[in-house]
Enquirer: 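Sharing a structure, written as structure tokens. Questions coming.
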Number of protein chains: 2
Amino acid sequence: MDPLSTPARLRRRATWLLGQSSNQGHRLISERMHTAGVANRSYYSLLAALSEVGATSQADLGRRVGLDRSDVTAVVTDLEAKGYLERTADPADRRRNLVRITVEGEKFLVLLDAEVGAAQEDLLSPLSPQEREQLIGMLVRIVEHHTGLRLSDTTER
Amino acid sequence: MDPLSTPARLRRRATWLLGQSSNQGHRLISERMHTAGVANRSYYSLLAALSEVGATSQADLGRRVGLDRSDVTAVVTDLEAKGYLERTADPADRRRNLVRITVEGEKFLVLLDAEVGAAQEDLLSPLSPQEREQLIGMLVRIVEHHTGLRLSDTTER
DNA sequence: AACGAAACGTTGGTGAGACCAACGATAACC
DNA sequence: GGTTATCGTTGGTCTCACCAACGTTTCGTT
């Protein structure tokens, strides 16, 4: 019996293919995040945002990475316990917690970054370098169109 | 204050872009499924598989669309109540339920198909027709590579 | 023919992720 | 100065994917 093929109506639908590809990508990332010692990819997102933007509030972090404030609380608590960030009351605005990444946090981020990069390599392995650029370019346009986000490298520093 | 940009480390990652695009696609599909009167896209998948393959068992359906047997039970029960399929004991194998799509089911599938097609159009609107073909082709290769599925149009009827 | 292994549909449950509501505390607005 | 808004936190809900177990039925091997 043949591998029980997916309905033809689905096989070439962009939404279905994007879902499948996205699942594969997330599976690859999750595996590597777990072996690196964190539960999911929000840990990576938060550390990345923190390293990029410097000390900031939890609410600001959440907005940047698309996480709810309540979920930010949990991840930040965990990252603080692991010593990867510091959480102090903001003297300038006592509603806020000032969160800043630690030296160990930066080191850990470098590690996670390598894992995430390797996962990209795995996922896109069937594509040539030019194709990968094409794919990413088209996805950027789709995401920009539907979210209003500006993702282009206006200043890549 | 600028729109609080996503961390640069994420913005051009294929996994992140695929996740965002996939979410947009699923959002568009979900909206249309809801207004069409079904809860989620498994209704569409199951009807599509059923129309394509003819009468078959629930377990077979589940394997084709990637649904757990328990979840198939729920959706099939609902679709039967709506009159879109019939579920009878298989005389040749009394463990099985023989499920077959009804005339109303076929009509409903045509409707859902149009909705799903329109969602593709929405999602891919920033891309030219050639680009859409390129995108789909690359995604097909990624999915085939990571799942072992064969999605190519070996026989497009 | 018999017996263990496997597949079927169903029920009930688990875990993760995204989201929402409300709270007390604090700041911003007019 | 009084209302409105934002902050972090707690404690939910909902959906999805998945797993476990069950009684029933069939298959495979001897």
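Throughout, protein chains are lettered first and strands after them, A, B, ... in sequence-line order, and every chain is numbered starting at 1. These figures come from a predicted structure and were not determined experimentally.
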Enquirer: What integer distance in Å separates A/D78:CG from D/dT9:P?
Expert: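 Computing the A/D78:CG to D/dT9:P distance gives 13 Å.
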Enquirer: Indicate yes or no: at least one non-hydrogen side-chain atom of A/I142 is less than 4.5 angstrom from one of B/L17.
Expert: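 Heavy-atom side-chain distance check fails, nothing below 4.5 Å.
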Enquirer: Any side-chain heavy-atom pair from B/S128 and B/E131 closer than 4.5 angstrom?
Expert: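 In short, these two side chains touch, coming nearer than 4.5 Å.
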Enquirer: Figure out the CG/P separation between A/D71 and C/dC19, and round it to whole Å.
Expert: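 So the CG-P distance, A/D71 to C/dC19, works out to 9 Å.
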Enquirer: Is B/N23 close enough to C/dA18 that one of its side-chain N or O atoms is under 4.0 Å from OP1 or OP2 there?
Expert: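 So the side-chain polar atoms of B/N23 never come under 4.0 Å of the phosphate oxygens OP1 or OP2 of C/dA18.
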Enquirer: Hey, does the side chain of B/Q58 come within less than 4.0 Å of C/dA7's phosphate (OP1/OP2), counting only N and O?
Expert: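 Checking B/Q58 against C/dA7: no side-chain N or O falls below 4.0 Å of OP1 or OP2.
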Enquirer: Taking only the side-chain heavy atoms of A/S57 (C-beta and beyond), determine which of C/dT26, D/dA21, D/dC7 contains the nearest atom.
Expert: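 Nearest to the side chain of A/S57 among the choices is D/dC7.
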Enquirer: Measure CZ/B/R95 against C1'/C/dT10 and give the value in whole Å, please.
Expert: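 Going from CZ in B/R95 over to C1' in C/dT10 covers 15 Å.
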Enquirer: Let me confirm one number: the CG-CZ distance from B/D93 to B/R96, rounded to the nearest 0.5 Å.
Expert: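 It comes to 4.5 Å.
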Enquirer: To the nearest 0.5 Å, how far apart are CD in B/Q120 and CZ in B/R132?
Expert: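 B/Q120 atom CD to B/R132 atom CZ measures 10.0 Å (nearest 0.5 Å).
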Enquirer: What's the closest nucleotide to the A/R41 side chain, out of C/dA18, C/dT26, D/dC18?
Expert: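 Shortest atom-to-atom distance from the side chain points to C/dA18.
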Enquirer: Under 4.0 Å between any heavy atoms, over every strand shown, what does B/D93 touch: base, sugar-phosphate, or nothing? Just pick one.
Expert: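 Contact class for B/D93: sugar-phosphate only.
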Enquirer: Could you tell me the separation between the CG atom of A/D68 and the P atom of D/dT6, rounded to a whole number of Å?
Expert: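 Distance check: A/D68 CG to D/dT6 P gives 15 Å.
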Enquirer: Specify the separation, in whole Å, of atom CG of B/L61 and atom C1' of C/dA7.
Expert: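 It works out to 15 Å between those atoms.
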Enquirer: Let me know, please, whether A/R94 or B/T73 comes out on the 5' side of the other along DNA chain C by nearest nucleotide.
Expert: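 It is B/T73 whose nearest nucleotide is closer to the 5' end.
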Enquirer: Between B/T56 and A/A39, name the one whose nearest nucleotide on DNA chain C is closer to the 5' end.
Expert: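 The residue whose closest nucleotide sits nearer the 5' end is B/T56.
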Enquirer: B/Y43 OH to D/dC16 P: how many Å, rounded?
Expert: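 Distance check: B/Y43 OH to D/dC16 P gives 10 Å.
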Enquirer: For C/dT10 and B/R87 - does any side-chain N or O of the residue sit under 4.0 Å from the phosphate oxygens OP1/OP2?
Expert: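 Looking at the OP1 and OP2 atoms of C/dT10, one of them is under 4.0 Å from a side-chain N or O of B/R87.
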Enquirer: Picking from D/dC7, C/dA7, C/dT10, which would you name as closest to the side chain of B/S70?
Expert: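 Selected nucleotide (nearest to the side chain): C/dT10.
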Enquirer: Looking at CG of B/L79 and CZ of B/F108, how far apart are the two atoms once the value is rounded to the nearest 0.5 Å?
Expert: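 Spacing of CG (B/L79) from CZ (B/F108) equals 8.0 Å.
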Enquirer: Using a cut-off of 4.0 Å on non-hydrogen atoms, how would the nucleic acid contact of A/N40 be classed: base, sugar-phosphate, or nothing?
Expert: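 A/N40: backbone/sugar contact only, no base atoms under 4.0 Å.
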Enquirer: In whole Å, I'd like the distance from the CZ atom of A/R27 to the C1' atom of D/dC18.
Expert: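 Nearest whole value for this atom pair: 16 Å.
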Enquirer: In whole Å, I'd like the distance from the CZ atom of B/R96 to the C1' atom of C/dG9.
Expert: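 Rounded to the whole Å, the gap is 12 Å.
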Enquirer: Which part of the nucleic acid, if any, lies within reach of A/R69 when heavy atoms closer than 4.0 Å are counted: base, sugar-phosphate only, or nothing?
Expert: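 If one applies the 4.0 Å heavy-atom cut-off, A/R69 turns out to touch a base.
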